[in-house]
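Below you'll find the structure, written out as C-alpha cells, and then a few comments.
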Amino acid sequence: MCGIVAYLGDKQAYPILVNGLHRLEYRGYDSAGVALVTAGELKVYKCQGKVAELEAHVNGQDRSGTVGIGHTRWATHGQPNDVNAHPHVSTSGDLALIHNGIIENYAAIKEELLHRGHRFRSETDTEVLVHLIDDIRSSENMDLPNAVRLALESVVGAYAIVVLDRTNPDMLVAARKSSPLVVGVGENGEHFLASDATPIVEHTRNVVYLEDGEMAVIERGKGLRVLNMRNQEKTPFVQELEMHLEALEKGGYDHFMLKEIFEQPRSIRDSMRGRLNLAQSEVVLGGIKDHEQRFVNAKRIIIVGCGTSWHAGLVGEYLFEDLARIPVEVEYASEFRYRDPIIHEEDIVLAISQSGETADTLAAIEMAKSKGATIIGICNVVGSSIARVTHAGSYTHAGPEIGVASTKAFTAQVTVLTLMALMIGQRRGTLAASRFHQLINELDSIPAKVEKVLANDAHIRYIADIYRNATNALYLGRGYTFPVALEGALKLKEISYIHAEGYPAAEMKHGPIALIDEEMPVFVIATKGASYEKVVSNIQEVKARKGKIIAIVTEGDTVVKGIADHVIEIPGAPDCLVPLLSVVPLQLISYHIAVMRGCNVDQPRNLAKSVTVE
Ligand code: F6R
C-alpha cells in the first residue's frame, strides 16, 4: 500500500530516495516524505500530495547526507495531510521511522506512551512505533536493533518498517511482518531497502527478500545482518533480480496503463512461453509439476483472490469445470478467510494475485493451509509473499504492472488458468485429444488476435468520446464473458469514477433493467458462441427500453450490428478463449473515457496498487 525506500552508502541519499519514491508512487500517493541525517541533524521533509509536491517543498533546503529514508503513503489511520505523512519522529528527536501496514493495538500502546510523557503529533497508528522504540532504547539503555526487536514483540498487526537514528547515521534497522521488504546490496558497501524491487533495480540486481519475522541491520563498514525475532543471525540469501528497467518506464506511452494494455500480445505470449508445446501436443507447468497428481485427483478447486484477480478466478471456474470437469468455488479472499469454510485435504486452493502481497489473499492461504489443503499460487511478482507461502505455483510473467488498474495481469492470469485447465483436463481424460489439440493451437494464436483488437483503438476511442459524460454504465456478458463484464465495469469505475455494474446478461431483467433509459450505455459481449442467440435477445430487451448498446462482436457479425448503436469487432475464438480478447476493448474504453474526463489514469483517487492491509 505505502511505498518504502531507504539508502545507506557513500552517495548522496536524497536523489536516490526521491527517484525511488517516484518508482513506488503507484503503491500510494496521498503524501510523501523523507528523513536524512545531515551533519548530526535529523532533517525531515514531508507533505500532503504526490512526490513532485515533496520535491517542490524540499527545493532549496539542505538535503545532503548519505543515509536516509523515504515514504509514499496510502492513508489508513488519519487523513492524508502534512502531519500524518511519514517519516514520524520520536519525542527525543533522535529516531525517524517509516511504516507500511497497520498496528492493530496502537491505541493501547499510545495510552501507555502518553503516560510515559511522549508527545504525539499525528493521528496515525505508525507514530506509536517510533515512540515505543525510542522509549525502550533509552529506558533499557539498549542498542537500536534490540530496541526495535523488543518493541515489535508488543505490536499486533502488519508492518514493514525502517528506522533511522540521528545519533548513529551509520546504521539503518528494518523489520517485516506480513508486509514486504527487500534489501538491495550495491557497490562499495552501499545498501538499499524498499517495499519492492522497483527503486532498487537501477542501482543493483542483487537483492535479499526478508522473510516474515526478520530484521535487517545495515551498518556502514560492516554490511548487512539478517536476524530473526529471537536475535539469531542467518546468512542472507542474495538473489539476482529478473526485472528490467525499461519495464518501469512508460516507453513513449502517455500512461503506464496504456502501455500495459498494448503490451498484452507480448505478456500473454510470455505467460505461455516454455509451457505450451504444440509439436508434442502438451502443456507443461514446471512450477506445479510436483503437485500435479494432487491436482488431477482433486475433488474440488477453491479459487481465492480479490478485485481483478477474483474476476480472473471466475473465468478459471468456467475453465476448470468445462475442460477438467472439477467442481470449482470462487471466493473473495476477504470473505473466505473469516468464514470458517469447510476445506478437505483433497481440495486444491488456487490463490491468484498480481502483486503477491494482498493481505486478504495471504490470510486466506494461511487458513486453507492450516486445514491441510494444497495451495497453488498464480502470481505476477517474482519472490512475493504469496509466491513464497504457497506449496507450488505458476508465475504469470506479465512483467511489472505499474498502472493501478490491472490490465495485462488479468490476461496473464487467465492465460495461466487456461494452461492449467487444459493440462489437468488432458491428464484427467476429460478433454478429447482433438479438442485439446484444437484449443492449444487456438491459444497460441491469441497474441496475434489481441494485436488485431488493439489495431482498432481509434474506433474504440471514438466510441469512448460519445459516452465520456455518462453517469452510469451497465456491462453484460454470459458464460465465459460474464466475468469479463464484471472486469469491464470495474475498470470503468476505478479510473473514470463513473458508476458501473457488471451482470450476467440474463440476470438483467431481474432488477437492473429498471435503470435503463436513453442515457444508459450498456456494454454487451455478444460474440458468436454457445450463448449468442440468448445474448441477442438480451440486447433486444435493452433496445426496447431505449438503452444504448455498445456490443463486442465477432468479426463479420451482421445480426448484432443491425440492432446495436455501436459494435467493436474482435477475431473469432472458442468460447473459453474469448475472455482474453473481449476484455481488451473494455480496457481501452475505460482508459480513453478516463483520459477524456481528465482523471489520473495511473493513480486513481483513493486506490493503491498493492493492498497489504485487510
Ligand atoms: C483492479 C485492481 C484490484 C486488484 C486487487 C487484487 O484493477 O487492480 O482490484 O486486482 O487489489 O490485487 P492482487 O492481484 O495484487 O492481489
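Starting from 1, each residue takes its place in the sequence as its number. We count ligands from 1, going down the list as the structure has it; atoms in each ligand are counted the same way.
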field: Short side-chain donor-acceptor distance under 3.5 Å, N19 and E202
entry: yes

message: Using the side chain to side chain contact (heavy atoms under 4.5 Å, CB included) definition, which of the options R176, H99, H86 pairs with I161?
response: H99

message: To check you understand the geometry: which heavy-atom pair defines the closest contact between A405 and I495, and what is its length?
response: CB-CG2, 3.7 Å

Near ligand 1, at a heavy-atom separation below 4.0 Å: residues by chain and residue number: C306, G307, T308, S309, S353, Q354, S355, T358, V404, A405, S406, L490, K491, E494, V611

message: Is a donor from one side chain sitting under 3.5 angstrom from an acceptor on the other, for N81 and Q48?
response: no

- prompt: If only atom types and distance count, is the side chain of K408 paired as donor or acceptor with the main-chain N or O of I268 below 3.5 Å?
  reply: no

- prompt: Distance from I200 atom CD1 to L193 atom CG, nearest 0.5 Å?
  reply: 7.0 Å

